[in-house]
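Only heavy atoms go into these numbers, but all of them, side chains included; no hydrogens, no water, no symmetry mates. Sequence lines set the chain letters: A, B, ... in the order given, protein chains first and strands last, and positions in each chain run from 1.
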Number of protein chains: 2
Amino acid sequence: MRLLPIVLLATSALAAPLHADELRDSAKDIFAPLPSTVPAVKDNRITPEKIELGKALFFDPRLSASGVFSCYSCHNLATGGDDNMETSVGHGWQKGPRNSPTVLNAVLNEAQFWDGRAADLMEQAKGPVQAGVEMANTPAQVVDTLNSLPQYVTWFKAAFPEEADPVSFDNMAKAIEAFEATLITPAPFDSWLNGDDLALSDDAKAGLVLFIDKGCSSCHSGVNVGGHGYYPFGLIEKPGAEVLPPDDKGRFAVTETVDDEYVFRAAPLRNVAVTAPYFHSGKVWDLKVAVQIMAESQLGEELADQEADQIVAFLDSLTGTLPAITVPVLPAETATTPRPTAEVLR
Amino acid sequence: MRLLPIVLLATSALAAPLHADELRDSAKDIFAPLPSTVPAVKDNRITPEKIELGKALFFDPRLSASGVFSCYSCHNLATGGDDNMETSVGHGWQKGPRNSPTVLNAVLNEAQFWDGRAADLMEQAKGPVQAGVEMANTPAQVVDTLNSLPQYVTWFKAAFPEEADPVSFDNMAKAIEAFEATLITPAPFDSWLNGDDLALSDDAKAGLVLFIDKGCSSCHSGVNVGGHGYYPFGLIEKPGAEVLPPDDKGRFAVTETVDDEYVFRAAPLRNVAVTAPYFHSGKVWDLKVAVQIMAESQLGEELADQEADQIVAFLDSLTGTLPAITVPVLPAETATTPRPTAEVLR
């Protein structure tokens, strides 16, 4: 007798949300809620020691030749994991070629960069450190810097306990990948997928219906609402040269296949409302305008004003909550630490 | 009877450390331990709302015209509250004229900047935001930016509840001052001053004796072991032009008094071991070398090697622990937010 109320409660709690509406069933076929644990990463087991080391590296401006830029500079965790600029400013005040993508949930993308040229975050992390227009450093100098700081040597040993020579450029990238894997941001859309009917407004639900029915979700699907698959920008109608500059041919540079001209990875849309400006060119600041451009160029659809607003309301529901990130305490330079240089050598 | 053990404990706890040694008595006449509460600031009552707003502003790169630099860029809380560079890199890759001082415990300095030209942190905070070589912004554009972000308007109202027009450049500076007032870093030296005999090593104690006896503490005294009073750099013997560049006449630029040529505020020495490079010119990376230069130029003393090492051991005991700082979540741009510009207009 005493068990009855609990059984009843459990039954109703299970029964109520599971078949609450058909929209959720459709959505669950296309999208997926974020996992509740740190995603596993291929060939890089994630441990607390790697995460802590990776956090230190992510915040450390001494990974750049100038000492000005850290990963955090262009992937600012206070502003949606990106830098709120068309394209980033790097070493010697040079402008990067493409808009900085958010690091949040990036571990769940199929590949990294706008053209997918890095298979994973480990490979990605090595790029900006060496790029002349970004951090302008070399692997050898990064390793020299890390070896000059005894605290880092200790941290690397703890993070890679079975390796004879743990302080390496590869392990730097692995640790950064481990930290970045923790940057998962559950959002109202996840709550709704998981059964909370009130987590989405009516407008957001209407926007989700449009997002599916108009065809946006053909490319922007999965756990990151995008972030996998490559598609030509301007499938139906090429946007103007300002939004799609003719000299950036996208994935063509990776595959050298004519079919890949102006092909880009479908942008992952989690936190899109807080990561303007938009597109690889970063030329569009207004999310509604970006939605309208996509509808026209990819689907040949001219959205009604209310439709665009409702899709934006759905996209707003993808803005998630970052775990609390405490600023790390980094070790101080020693006599052998390479000194920062603002000179532009390359 | 049941009270007796507590009374005994209290008595011994009070009696034991107070007269442990004469060195502590001497030191307490010259220095002071950090307070256990956030220091009060003149004309700016510190509240949790102001601290939270100030933290957001401190981390927000949109206070700079380019969107590249926040207060945090040159006062990096992960690296001792400064930027590990000779002089900071700012807007358009320009180099600043003087080494970036640490923001840690800066609220306890008598005045701000190397020449004391700002009376307090509120006045200080307005400087870099407007300096063409730093953040290159204008008060009007900062206020436009803040007003364009509804979350900031709400935060300003909460922080300045009695003001009709709370979003202002002055209140931005007040809030930043309030956050910075929380950046207090208790160190082993404080534990020792407060009675923990084992908090200082024998070398650190020997260094403290030398620091007092040689005369360092004539200028570097008080709670920040410096940070108040103005003294000519090169009182006995001018250091070389590399360390003391002839075109930077220090406080002379503030007072236009010949007596103030090459006069600077005595550097506050808390966290000095983690805030290389040294001097207003940032030309010296090794703390021991900096100590030797100071002994020669200010005191006419050539320190024995061991003496310099012991003074460094004492200075190491001034490296403190920052309260945990969680990266804030900043509001996203809106249609009316001024866009970042990397152009160098001035």
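Most heavy-atom pairs under 4.5 Å with chain A, from the set B/L287, B/T337, B/N84: that is B/N84. Top candidate by heavy-atom pairs under 4.5 Å with chain A, chosen from B/V327, B/T334, B/V274, is B/V327. Interface summary for chain B: among A/T275, A/T321, A/V68, the most heavy-atom pairs under 4.5 angstrom belong to A/V68. For the set A/S66, A/A56, A/A276, the entry with the most heavy-atom pairs within less than 4.5 Å of chain B is A/S66. Per-residue counts of heavy-atom pairs under 4.5 Å with chain A were compared for B/G92, B/S73, B/S70; the largest is that of B/G92.
Contacts of B/A273 with chain A are made by backbone atoms alone, with heavy-atom separations under 4.5 Å and no side-chain atom involved. Proximity to chain A is absent for every atom of B/T319, based on heavy atoms less than 4.5 angstrom apart.
In this structure, the separation between CD on B/E333 and CG on A/D286 is 12.0 Å, given to the nearest 0.5 Å. Rounding to the nearest 0.5 Å gives a distance of 12.0 Å between OG1 of B/T326 and CG of A/L77. Taking CE from B/M85 and OG1 from A/T341, the interatomic distance works out to 11.0 Å, rounded to the nearest 0.5 Å.
The aromatic rings of B/F69 and A/W93 lie parallel to each other, their planes meeting at an angle below 30°, with 60° marking the opposite boundary.
Around atom CD of B/Q151, more than 12 heavy atoms belonging to other residues, nucleotides or ligands sit under 6.0 Å away.
Contact detail for B/N76 and A/F59: the closest heavy-atom pair is ND2-O, 4.4 Å.
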>> Does B/V329 form a side-chain contact (heavy atoms from CB on, under 4.5 Å) with A/L322? I'd like the steps, not just the answer.
In response: CA-CA 8 Å; B/V329 176; A/L322 191 66; 5.5 Å; no

